[in-house]
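Whatever order the structure lists ligands and atoms in, that order sets their numbers, starting from 1.
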Amino acid sequence: MTALAGRTALVTGGSRGIGRAIARRLGRDGARVAVHYGSNEAAAKETVAAIEAAGGAAFAVHAELGVPGDAETLWAAFDARADGLDILVNNAGILGEQAEIQDVNAATFDRVLAVNTRAPFLVTQHALRRLRDGGRIVNISSVLTHGPAMPRSISYAMSKGALDVLTRMLAKQLGPRAITVNTVAPGVVDTDMHEGRLVGAALTWLESLSPMKRLGTPEDIADAVAFLASPDGRFVTGQWFDVSGGTLL
Ligand code: NAP
């Protein structure tokens with residue numbers, strides 16, 4: 001499939017987990033993919049190699065997010081390898097401290113907001129002059145912004161709630177340029193983000209949240225992103241897509 005032939009995509013956090021699956025899928029669909037990473041260069045190289053092995057084109061882009069100058073660093077690395085952008089996927093994120101409000105540490109709260117909210121805001125701000133008309137922005141949020149309520153995820157859910165608002169505001173602004181902006185909200189997906197906690201009774205409970213009785217896979221999320229990034233998604237904008245196997249039903 002080459003629906004994205006001639007397009008350039010940037011996937012933040014494209015080196016591992018959900019971002020890796022998105023990068024691989026967009027690469028398979030014909031896009032040249034900038035695989036962004038923060039610290040794990042080996043994982044980014046693996047993802048680039050996997051895309052190339054499947055016949056696609058990709059390159060790695062390094063920038064630590066959530067620190068001063070993060071967006072500038074990212075786009076300087078991108079510009080060294082590419083001329084303009086068609087698809088931006090704001091995927092990089094952290095779970096942060098799992099604690100109810102009374103136990104949340106101010107510094108870790110700031111860190112979650114810096115990586116999950118401030119960074120995609122600034123990355124998108126700097127993307128706009130590079131993003132061609134007819135382009136796509138997909139923000140990876142979480143089903144937690146609409147429930148089920150998990151009080152220990154309050155910082156994380158708040159950080160993603162702001163991203164949901166970014167989607168709606170930007171969709172309105174960028175519509176005249178035929179640029180669509182959408183949110184994809186996964187339920188629980190078994191990735192490194194959970195640091196091995198998806199086992200035993202916790203796993204059974206999390207699986208039971210979906211009528212499909214399973215966790216999501218990175219590919220479940222990537223396929224939804226691929227639709228929004230494709231020409232088929234051209235008239236869908238400002239929307240929030242629950243890709244959680246029906247967790248909210
Ligand atoms: P993951 O496996 O932990 O991968 C995170 C990715 O983001 C890595 O590529 C990592 O790069 C990058 N990243 C993290 N912090 C960074 C920073 N400060 N600077 C630069 N890069 C950074 O996570 P995941 O589960 O795939 O999650 C991807 C997205 O989906 C996140 O936004 C997450 O909130 C969202 N999500 C996940 C789930 C889930 O259950 N897994 C559910 C809902 C939503 P390095 O390794 O190089 O640092």
Side-chain angles (χ1 to χ4, degrees), residues 10-25 33-48 60-71 73-75 77-78 88-96 98 108 110-123 138-148 150 153 155-164 166-167 183-198 202-203 206-207 209-210 214-222 224-225 240-245 247-248:
L10 169 73
V11 182
T12 68
S15 55
R16 295 190 288 112
I18 293 169
R20 171 180 281 179
I22 294 170
R24 293 187 67 172
R25 174 64 204 264
V33 186
V35 176
H36 161 263
Y37 69 101
S39 56
N40 192 336
E41 185 180 10
K45 282 184 171 169
E46 260 178 49
T47 304
V48 168
V61 167
H62 173 246
E64 183 185 352
L65 300 179
V67 297
D70 50 4
T73 303
L74 183 150
W75 287 113
F78 176 87
L88 169 64
V89 183
N90 283 311
N91 164 80
I94 55 172
L95 193 54
Q98 294 296 287
T108 53
D110 285 348
R111 175 76 183 150
V112 171
L113 271 285
V115 176
N116 292 358
T117 311
R118 185 178 183 277
F121 178 85
L122 294 176
V123 166
V138 182
N139 295 319
I140 307 299
S141 177
S142 164
V143 80
L144 282 175
T145 65
H146 289 51
M150 293 184 187
S153 297
S155 308
Y156 176 76
M158 285 178 67
S159 73
K160 294 295 190 178
L163 207 53
D164 294 353
L166 176 67
T167 290
T183 296
V184 165
V188 179
V189 179
D190 190 1
T191 66
D192 297 345
M193 198 175 85
H194 296 285
E195 297 174 345
R197 286 181 293 242
L198 301 179
L203 174 61
L206 289 167
E207 286 174 334
L209 295 176
S210 159
R214 69 169 176 86
L215 300 187
T217 66
E219 289 72 26
D220 290 331
I221 313 307
V225 173
W240 188 87
F241 286 87
D242 170 345
V243 188
S244 73
T247 296
L248 298 182

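- Contact analysis puts K160 in contact with ligand 1, with a non-hydrogen atom separation below 4.0 angstrom.
- The shortest N/O to N/O separation between H36 and ligand 1 does not fall below 3.5 Å.
- Backbone and side-chain nitrogen or oxygen atoms of G38 are examined, and one is located within less than 3.5 angstrom of a nitrogen or oxygen of ligand 1.
- The proximity of I94 to ligand 1, defined as any non-hydrogen pair under 4.0 Å, is limited to the side chain.
- For R20 (side chain) and S15 (main-chain N/O), a donor-acceptor pair under 3.5 Å exists by modelled atom type.
- Each of the following atoms of ligand 1 lies closer than 4.0 Å to a heavy atom of N40: 45 (P), 46 (O), 47 (O).
- Heavy-atom contacts of V188 reach the following atoms of ligand 1: 40 (O) (cutoff under 4.0 Å).
- If you check the side chains of T167 and D164, you find no donor sitting under 3.5 Å from an acceptor.
- At least one N or O atom of R16, backbone or side chain, sits closer than 3.5 Å to an N or O atom of ligand 1.
- Within the structure, the closest approach of E195 to ligand 1 does not fall below 4.0 Å when heavy atoms are considered.
- The shortest heavy-atom distance from P218 to ligand 1 is not under 4.0 Å.
- No part of R20 comes within 4.0 Å of ligand 1, judged by heavy-atom distances.
- The atoms of ligand 1 that sit less than 4.0 Å from any heavy atom of H194 are 39 (C), 40 (O), 41 (N).
- Distances below 4.0 Å separate heavy atoms of Y37 from the following atoms of ligand 1: 47 (O).
- With a 4.0 Å cut-off on non-hydrogen atoms, S141 touches ligand 1 through its backbone and not its side chain.
- Using a 4.0 Å heavy-atom cutoff, A43 is absent from the residues neighbouring ligand 1.
- Across the listed options S142, G187, G66, G187 owns the non-hydrogen atom lying nearest to atom 42 (C) of ligand 1.
- Taking distance alone, with nitrogen or oxygen atoms compared against 3.5 Å, G19 stays at or beyond that limit from ligand 1.
- Backbone and side-chain nitrogen or oxygen atoms of E64 are examined, and none is located within less than 3.5 angstrom of a nitrogen or oxygen of ligand 1.
- Inspection of the N139 and S141 side chains reveals no N or O donor paired with an N or O acceptor under 3.5 Å.
- Nearest-heavy-atom check against atom 19 (N) of ligand 1 across V115, L65, N90 picks out L65.
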